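Worksheet for the structure shown next.
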Number of protein chains: 2
Amino acid sequence: MRQERDLPTTSYAVLGLLTFGQELSGYELKQWADSTLRFYWTAPAMSQIYTELKRLAQRGLVLSREVGGGPGRTTTRYRVSAKGARELRRWLADSDPGFPLLKHPVALRLLLGHLLDPGQVRAMLEAYDQALAAQRRDLRAVLDGIDNDPAFEFPAHVARWGLSYYDSEEAALRQVLNALPEGSAAQSRAAQGTGQTGRSSGAGPTR
Amino acid sequence: MRQERDLPTTSYAVLGLLTFGQELSGYELKQWADSTLRFYWTAPAMSQIYTELKRLAQRGLVLSREVGGGPGRTTTRYRVSAKGARELRRWLADSDPGFPLLKHPVALRLLLGHLLDPGQVRAMLEAYDQALAAQRRDLRAVLDGIDNDPAFEFPAHVARWGLSYYDSEEAALRQVLNALPEGSAAQSRAAQGTGQTGRSSGAGPTR
DNA sequence: TGTAGCATGTAAGCCGTTACATGATTGA
DNA sequence: TCAATCATGTAACGGCTTACATGCTACA
């Protein structure tokens with residue numbers, strides 16, 4: 001039982017998707033990933049899904065089966081093997097999840113707000129607000145599709161978690177917008193003046 | 001007007017850090033990144049900081065200067081050039097921020113909660129709760145270091161945003177814990193009897 | 001005297017993406 | 001018949017990390 005290093009997390013994520021429902025094709029797996037994983041992990045590219053499936057199959061963690069859909073058409077469907085289920089449980093129990101990693105381009109740009117005029121900052125935040133609402137709708141739809149289905153109890157927990165995250169983002173956004181100097185996003189062009197701040201007081205890294 | 005493709009976002013992040021305060025060394029930049037960027041972007045490895053600085057210098061976006069600290073010791077300090085400031089503003093104004101990307105290993109594992117026993121799930125969530133509190137303290141300390149300093153108005157906004165995010169995570173976590181079947185994390189071992197895989201009496205580390 | 005922090009890099013390699021390539025089936 | 005969707009892959013490469021390598025300085 002010499003276990004080499006853990007696979008990348010995304011492998012386990014794909015493997016995990018196969019522990020709900022039945023056999024899935026790479027293509028179907030991608031759809032599932034797009035509608036669930038993408039909200040709190042990533043939506044792997046198609047090509048990566050196929051790569052992962054090949055690797056999982058090679059290690060005996062999934063079993064594949066050719067299914068003929070039409071005359072000249074075959075689809076490869078995958079299901080998790082007993083070994084795969086065991087390995088997944090082992091990984092869940094043994095490995096340290098680590099802290100979430102957030103790549104927030106809007107927060108990053110807000111950090112540099114002193115380089116923009118207030119209107120531009122506002123416009124950016126409002127655009128994010130829109131995107132957030134859209135994303136929230138998508139996730140809401142996902143939850144509606146699985147809520148109350150006992151087979152998807154945990155996915156439903158995660159979806160609700162996600163919704164509460166989006167709500168909090170929305171609230172935080174309002175806070176920032178309120179704290180920002182007035183000036184509508186529309187008059188973004190108005191300011192544009194004076195060169196940079198001269199800067200002074202040190203305040204080094206806090207530690 | 002996108003002839004030369006944009007640099008990776010992390011380059012702009014590093015460049016952006018140089019628009020506060022004055023000249024910084026690669027080493028100092030790393031400390032800044034660790035205490036600010038890491039909360040909503042990433043804390044780039046040292047080696048990457050140096051790589052970015054080299055690239056930025058090559059394109060004339062930063063200027064470097066050798067500073068002798070002691071006899072045999074020189075430190076290279078960097079400051080943003082006029083061209084760099086222009087390019088940064090251009091990037092901020094022109095490019096689409098895109099939606100935040102969240103890699104949430106705890107949510108991912110919760111999704112697969114049906115593969116674990118309730119105690120294990122609880123234990124994982126409680127460990128995350130701890131980590132969250134620690135992270136929150138760190139960010140709080142950062143905010144305390146810059147709050148009310150007008151030079152860091154925007155970093156302070158971002159820090160407050162981050163704190164509200166951690167608060168919301170905390171709340172969401174409680175929600176999930178309440179919705180989960182009772183059974184304390186401590187009795188994680190108790191439920192183990194049901195038909196599951198071996199690993200009975202704690203001895204064998206499964207890796 | 002030794003360790004922690006300051007300071008700077010190179011090399012190898014993993015994870016994952018985009019671009020490219022191919023072809024069948026379904027429905028407007 | 002044309003486009004969209006289903007379905008599966010390969011190649012190139014970008015971004016970033018880890019591991020390695022080096023050497024000075026302050027301080028306990």
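Order of the sequence lines sets the chain letters (A, B, ...), proteins ahead of strands, with each chain counted from 1. From a predicted model like this one, the values you see are computed outputs, not experimental measurements.
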Salt bridge (charged side-chain N to carboxylate O under 4.0 Å, His left out) filter on A/Arg55, not counting sequence neighbours, yields A/Glu52
Identify each atom pair where a protein N or O and an N or O of nucleotides 9-15 of chain D are less than 3.5 Å apart, giving names and distance.
from, atom 1, to, atom 2, distance (Å)
D/dT10, OP2, A/Lys54, NZ, 3.4

Between CD of A/Glu52 and P of D/dT8 the distance, given in whole Å, is 16 Å
B/Thr76 meets the side-chain hydrogen bond (donor to acceptor under 3.5 Å, both in side chains) criterion, sequence neighbours left out, with B/Glu66
Here the distance between atom P of C/dT17 and atom CH2 of A/Trp41, to the nearest Å, is 12 Å
Separation of C/dG16 atom P from A/Arg38 atom CZ, nearest Å, is 18 Å
Closest of D/dT17, C/dC6, D/dA7 to the B/Gln31 side chain is C/dC6
Rounded to whole Å, CD of A/Glu28 lies from P of D/dC6 at a distance of 9 Å
Contacts of A/Arg79 meeting side-chain hydrogen bond (donor to acceptor under 3.5 Å, both in side chains) (sequence neighbours excluded), chain-then-number -> A/Glu23
Residues passing the side-chain hydrogen bond (donor to acceptor under 3.5 Å, both in side chains) test with A/Tyr128, sequence neighbours excluded, are A/His104, A/Glu169
Salt bridge (charged side-chain N to carboxylate O under 4.0 Å, His left out) filter on A/Arg137, not counting sequence neighbours, yields none
Hits for salt bridge (charged side-chain N to carboxylate O under 4.0 Å, His left out) against A/Asp96, two or more places apart or cross-chain, chain-then-number order -> none
Sequence neighbours excluded, the answer for salt bridge (charged side-chain N to carboxylate O under 4.0 Å, His left out) partners of A/Lys30 is A/Asp34
Test side chain to side chain contact (heavy atoms under 4.5 Å, CB included), reference B/Leu56, set B/Val80, B/Leu18, B/Leu15, output is B/Leu15
Angle separating the five-pair end axes of the helix from C/dT1-D/dA28 to C/dA28-D/dT1, nearest 10°, is 30°
Whole-Å distance, A/Leu101 CG to C/dG16 P, equals 12 Å
Original post:
Distance-only, no hydrogens or angles: does the B/Thr74 side chain make a donor-acceptor pair with backbone N or O of B/Val67 under 3.5 Å?
Top reply: no
Separation of D/dT5 atom P from A/Tyr27 atom OH, nearest Å, is 7 Å
Between CG of A/Leu24 and C1' of D/dC6 the distance, given in whole Å, is 14 Å
